[in-house]
A.B. asks: 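Let me begin by handing over the structure; questions about it come next.
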Amino acid sequence: MKYFAIFGDPVEHSISPLMHNYLFLHSNIKACYSRVHLKNGADLKEMFVKLKLKGANITVPHKEDAYLACDEIRGFAKIARVVNTIIYEDGKLIGYNTDADGFVNALQEFEGIKKVLIIGAGGTAKALAHRLIDEGVNITVLNRSKDRLQYFKKHGIDCYSWDEFNVDKTDLVVNTTSAGLSDENLPAPKELLERILAQTSYVSDIIYGKTTSFLKLVAQKKIPYKDGLDMLVHQGALASYLFCDKTIPIDDITDLLKKAVLLK
Ligand SMILES: NC(=O)c1ccc[n+]([C@@H]2O[C@H](COP(=O)([O-])OP(=O)(O)OC[C@H]3O[C@@H](n4cnc5c(N)ncnc54)[C@H](OP(=O)(O)O)[C@@H]3O)[C@@H](O)[C@H]2O)c1
């Protein structure tokens, strides 16, 4: 039996166990996937080893700690320095990032995206910013605190806190904050969001499983939007592909995970 888990704080909202266990069941893989409520990201490696995991996903707010916990980093996670998937291989923790590709795969129905405003400056914002820049997209980051903007400044990415931001026309606004995840908070002051929404064609909130206060506001403005469920499926499919040692085709995994989330 192989064991997998998702680490986060909070983690109760996560439907990753539903997705991955459904895949294991329908692919005759002897494995089990559970949730671990981890308060301190610095304890991640110790917990991973203690639980004898073959692999794990990492969610809010531990993705940057996950990068530090790994013995080796592969692929896109090397650039973003943010890890959401860990595989145990030959006694080492190998870190990957599947969020950014998952996000891009989930965005297909929004056409002509050349300019994106990312709200939030945490681990996921970093990964999405780098991935979208790779696609030739112009990125601006808006965040509550100034501290987290240092990273984006260092990488030459336009970034602002609420009080210094001048609203401009954009194709897509993405909420990557955890505001709204387990509360009814908006990701920025309502008056600022109203001005931002007046100048965008599309909106994405990467939180899934609920209509956040932000998406309720977006719906009132009749702007096309999507929540984070498709991103969850696509990042999960890429993670599962690694969990299953790349033995199952990614399209088959994606189809099974899409079926799994319908059970919710
Ligand atoms: N759908 C998916 O597959 C998927 C994948 C990845 C992540 N997510 C979701 O993405 C969100 C962020 O995850 P993460 O790992 O990037 O988190 P993180 O690294 O902890 O970053 C959190 C960000 O949210 C901001 N924030 C928190 N509370 C806020 C509030 N009340 N008002 C305004 N800003 C606030 C923080 O701003 P400060 O700097 O001011 O603190 C920070 O920029 C979570 O909700 C997570 O569930 C979804």
Side-chain angles (χ1 to χ4, degrees), residues 6-16 18-20 35 38-41 44 57-68 77 80-85 96-107 117-131 141-153 157 159-163 165 173-190 192-193 196 204-210 212-215 225-240 254 257-258 260-261 264:
I6 179 161
F7 291 90
D9 177 26
V11 76
E12 317 80 67
H13 68 282
S14 175
I15 61 167
S16 291
L18 172 71
M19 292 196 311
H20 294 284
R35 293 184 188 89
L38 184 73
K39 282 275 179 205
N40 184 357
L44 177 63
N57 288 123
I58 295 84
T59 188
V60 59
H62 300 316
K63 294 181 188 191
E64 285 151 306
D65 282 325
Y67 175 86
L68 299 174
R81 301 171 75 88
V82 178
V83 160
N84 79 321
T85 303
Y96 297 84
N97 186 296
T98 70
D99 277 336
D101 280 342
F103 179 75
V104 169
N105 292 347
L107 265 197
L117 173 64
I118 296 177
I119 308 180
T124 311
K126 287 177 186 171
L128 298 197
H130 284 293
R131 184 63 180 79
V141 172
L142 175 67
N143 194 51
R144 176 179 63 179
S145 77
K146 287 194 168 72
D147 294 358
R148 289 200 209 232
L149 295 179
Q150 294 313 317
Y151 172 90
F152 294 89
K153 283 192 180 140
I157 298 170
C159 56
Y160 306 90
S161 58
W162 297 344
D163 56 348
F165 182 60
V173 174
V174 188
N175 174 33
T176 71
T177 75
S178 42
L181 180 62
S182 41
D183 52 45
E184 292 307 317
N185 290 334
L186 287 166
K190 189 171 180 200
L192 177 56
L193 289 175
I196 289 169
S204 158
D205 190 330
I206 67 167
I207 292 173
Y208 64 85
K210 66 184 282 195
T212 57
S213 299
F214 177 54
L215 284 189
Y225 67 87
K226 68 188 301 176
D227 69 8
L229 191 62
D230 282 351
M231 175 182 174
L232 179 82
V233 166
H234 286 284
Q235 65 76 30
L238 293 163
S240 265
T254 309
L257 297 195
K258 280 183 182 164
V261 298
K264 179 77 176 105

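Throughout, residue positions are numbered sequentially from 1 according to the sequence presented. Atoms within each ligand, like the ligands themselves, are counted from 1 in listed order. Side chains are part of it too, since the values below use all heavy atoms of this structure and drop only hydrogens, waters and symmetry mates.
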A.B. asks: At what distance, to the nearest 0.5 angstrom, does CG of D99 lie from CG of L232?
C.D. replies: 9.0 Å

A.B. asks: NZ of K210 to OG of S182: how many Å apart, nearest 0.5 Å?
C.D. replies: 7.0 Å

A.B. asks: What I'd like to find out is whether the side chain of T177 reaches to under 4.5 Å of the side chain of N185, using heavy atoms alone.
C.D. replies: no

A.B. asks: For ligand 1, what are the residues with a heavy-atom contact below 4.0 Å?
C.D. replies: V60, P61, K63, D99, G120, A121, G122, G123, T124, N143, R144, S145, R148, W162, T176, T177, S178, A179, L181, N185, L186, P187, I206, I207, Y208, G228, M231, L232, Q235

A.B. asks: With side chains defined as the heavy atoms from C-beta onward, is the minimum distance between T254 and N105 less than 4.5 Å?
C.D. replies: no

A.B. asks: Would D205 and T212 count as having a side-chain donor-acceptor pair, cut-off 3.5 Å?
C.D. replies: yes

A.B. asks: Just jot down the side chain to side chain donor-acceptor pair (under 3.5 Å) partners of Y151, sequence neighbours excluded, or say none.
C.D. replies: H130

